[in-house]
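Let me begin by presenting the structure, written as structure tokens, before commenting on it.
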Protein chains: 2
Amino acid sequence: MANIREIARLAGVSVSTVSRVLNNHPYVSTAKKDAVLKTIEKLDYSRNINAVHLSQGKTNMVGVVLPTINHPYFSALLEGIAEEAMKHNVQLVLFQTDYNQDKELEALEQLRGHLIDGVIFCSRAVQFDLLLNYKGIGPTVLCEDADQQEFPSVSIKHVEAFNLGLDYLVSKGHEKIAICLGRLEGTNSQKRKAAYEKKMKVIGEKFRREWIIGQCLMIEDGKKVIDEYLEWDEKPTAFLVGNDQVAAGMIAEAKNNELTVPEDFAVISFDNHPISKILGITTIEIPTKQLGSSAFMAYIDQSKDIEYSDKIVLPVKLWERKSV
Amino acid sequence: MANIREIARLAGVSVSTVSRVLNNHPYVSTAKKDAVLKTIEKLDYSRNINAVHLSQGKTNMVGVVLPTINHPYFSALLEGIAEEAMKHNVQLVLFQTDYNQDKELEALEQLRGHLIDGVIFCSRAVQFDLLLNYKGIGPTVLCEDADQQEFPSVSIKHVEAFNLGLDYLVSKGHEKIAICLGRLEGTNSQKRKAAYEKKMKVIGEKFRREWIIGQCLMIEDGKKVIDEYLEWDEKPTAFLVGNDQVAAGMIAEAKNNELTVPEDFAVISFDNHPISKILGITTIEIPTKQLGSSAFMAYIDQSKDIEYSDKIVLPVKLWERKSV
DNA sequence: TTGTAAGCGTTATCAG
DNA sequence: CTGATAACGCTTACAA
């Protein structure tokens, strides 16, 4: 493949002039510019981006760390990031971690190695202090309800949203409430669990540890929940469910067991993804896609000012439908 | 950041020796190797991957072109690609195109610019001959039922699968069959349309153009289908639907209109994604994730032998459930 | 407005 | 086993 030197030689100019044309610098005479463009055309030249990266010390690429792509929540988040990234002409490099810390570190190592200019963590499993080691190498954005000062973050107020759901159920006369959470190890789950325990105390209801069901992530996990429900001697009258997928799975599986929602039990979930609308599930909207675009904007902001570390909080909204 | 020269100087060896250590080359004395490793450790050195890329003329990255990330089909495909890519230590660079040809070309230009070593097209809108211009620059894999020889491809037999669905409906006594397709412009839709018309002729049924509904991609499109159905004077007794999402949306919306499946009309769809299982939708399984991993394997094969252009066809499977 | 030349940080060849 | 040194292809002072 031809290189910039060859173009220069054939066009009868210097390499810097070619470079200037390539980068739309001012101060290039039209004559030379034309000659260069013509030669580029003729040789079907395309510049080697790796050389540009090496020379500039940056790549206009950002790493996106997420546990799995194949889940509506992360797909939507990623789509938000991708759309915004395209507007800014930055490419996305994917790091699918399956919640594996080593894979997350891999992304950070690629940051050190200058493959990417920064990282957006859609989910995080590595310890915070490990992250700090990489602070300063490049912008790092967290999509979590973070309570630290070092990095910008984008999220909703998870505990508040959770309490909103709980309060709504209570306002509808429910006191025997079970909850379905995602990964119990996650900080979010810990906070939600605490909020649940507290709320039960406030309304004078017994706290039943067995009414906290973990690992509820996908639609098929809804079946698991119903299976457990059927086993229980004492039944809850309502479920607060971590995401629409699981709620949808529960409702479908309930029907398979001659149970109806909300008559046998009420369900409220999170996300307001399309499935909840079509199934009439009452849900608390999480603006997933905007979370993604905001995360990317925070990345841009931090790349302009390394000290930028705002905590962006997006609002949630309750959609009353027919499952409560 | 320290570079290889500095490491060499401090460790008292040459840069080549450092490079050898970095790349696990044999023929480095343990003494020097240790010295180098110690210095690397001490300076917290990390090698600049852009320099490596420039020097080697490749990046171990592959571009993935897809219209949208936020759809179960493409998420699953991407996940398959990502898992396989990880095994081979290659990074994925995302190109979300929204079926826009320019965006697809962008990926090909990045290939020319050596940002990526090759491209996997999860969907394609650009003309074939345009693709040919880039042939030879790097491995290119198509995830489509391709009938050309230039590139390897991975897919299912779309027309066969479509006929399988049609035949199944006919075998269950249905003759008044409507179909829901995705993007009507796509080659797949064209082929399916033709197959539909032909089948109607074979069973001696009238071909009704208005019973072909396009733009059925997402769960919310199911509502649109039901809206149309309600308008029709003459009703079909069955629908063959392009994907599970739409089928799910249709069934939910049918229920909202006091219609029941399969009593009022039967539904069979494609994918066998989790939602179809939980809703009891009869479906033709498309091994989406394997399609992704196979695509990546084809990429690897082609990177070893540029002439490699096998057409990989994965089997589909009918899952009889309760919607027909 | 233009050109020269010094980086950017590796790898790879070749001689020892 | 080891080390010079020439690529790789571009950007960017600096000088003219």
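Keep in mind that the numbers below use all heavy atoms, side chains included, and drop hydrogens, waters and symmetry copies. Here is how names work: the chains are called A, B, and so on, in the same order as the sequence lines, proteins then strands, and each is numbered from 1.
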All salt bridge (charged side-chain N to carboxylate O under 4.0 Å, His left out) counterparts of [X], not counting sequence neighbours:
| X | value |
| --- | --- |
| D44(A) | R112(B) |
| R183(B) | E185(B) |
| E150(A) | none |

Residue pairs involving residues 62-86 of chain B (criterion side chain to side chain donor-acceptor pair (under 3.5 Å); sequence neighbours excluded):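 Qualifying pairs, neighbours excluded: T68(A)-E79(B), N70(A)-E79(B), S75(A)-S75(B), E79(A)-T68(B), E79(A)-N70(B), E83(B)-K289(B), E84(B)-K87(B).
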Atom pair OG1/CD of T39(A) and E41(A) - distance to nearest 0.5 Å: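 Nearest 0.5 Å value for the OG1-CD distance: 10.0 Å.
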Nearest-0.5 Å distance, CD1 of residue I49(B) to CD of residue Q91(B):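 Reported to 0.5 Å precision, the distance equals 8.5 Å.
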Any residue meeting side chain to side chain contact (heavy atoms under 4.5 Å, CB included) with D34(B), in chain and number order, not counting sequence neighbours: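 Partners of D34(B) under the side chain to side chain contact (heavy atoms under 4.5 Å, CB included) test: none.
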Sugar-phosphate only, base, or nothing, as touched by R5(B) at under 4.0 Å among non-hydrogen atoms: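 The answer is base, as R5(B) lies within the cut-off (heavy atoms under 4.0 Å) of a base atom.
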Touch class at under 4.0 angstrom, heavy-atom based, for V13(A) against every strand present: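 The answer is sugar-phosphate, as V13(A) gets under 4.0 Å only of primed atoms, P, OP1 or OP2.
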Positions of residues 48-61 of chain A (non-hydrogen atom under 4.0 Å from DNA chain C), listed by number: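 Only L54(A), S55(A) qualify.
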Interface with DNA chain C, restricted to residues 19-46 of chain A and to heavy atoms under 4.0 Å: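 Contacts with DNA chain C under 4.0 Å: R20(A), Y27(A), V28(A), S29(A), K32(A).
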Check: S153(B)/S155(B) side-chain N/O donor and acceptor closer than 3.5 Å: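 No, no side-chain donor-acceptor pair sits under 3.5 Å.
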Side-chain donor-acceptor contact under 3.5 Å, S19(B) with S16(B):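 Per modelled atom types, S19(B) and S16(B) side chains form no pair under 3.5 Å.
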Sequence neighbours excluded, every pair satisfying ring-ring contact (aromatic ring centres under 6.0 Å, His included) that has a member inside residues 22-69 of chain B: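 For residues 22-69 of chain B: none.
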Please tabulate, for side-chain N and O atoms in residues 57-67 of chain B, each donor-acceptor pair with protein atoms closer than 3.5 Å (sequence neighbours left out).
{"residue": "T59(B)", "atom": "OG1", "partner": "M61(B)", "partner atom": "N", "Å": "3.3"}
{"residue": "T59(B)", "atom": "OG1", "partner": "L115(B)", "partner atom": "O", "Å": "3.0"}
{"residue": "T59(B)", "atom": "OG1", "partner": "D117(B)", "partner atom": "OD1", "Å": "3.3"}

Along DNA chain D, first and last positions that approach a heavy atom of chain B under 4.0 Å: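 With heavy atoms of chain B under 4.0 Å away, the range is dC1(D) to dG9(D).
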Please table the atom pairs, donor to acceptor, closer than 3.5 Å between any side-chain atom in residues 300-307 of chain B and protein atoms at least two apart or in another chain.
{"residue": "Q302(B)", "atom": "NE2", "partner": "T140(B)", "partner atom": "O", "Å": "3.0"}
{"residue": "S303(B)", "atom": "OG", "partner": "I300(B)", "partner atom": "O", "Å": "2.6"}
{"residue": "D305(B)", "atom": "OD1", "partner": "E307(B)", "partner atom": "N", "Å": "2.9"}

Contact boundaries on DNA chain C for chain A, cut-off under 4.0 Å to non-hydrogen atoms: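 Nucleotide range in contact with chain A: dT1(C) to dG9(C).
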Heavy atoms of other groups near K135(B) NZ, more than 12 under 6.0 Å: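 Atom NZ in K135(B) is packed in, count exceeds 12.
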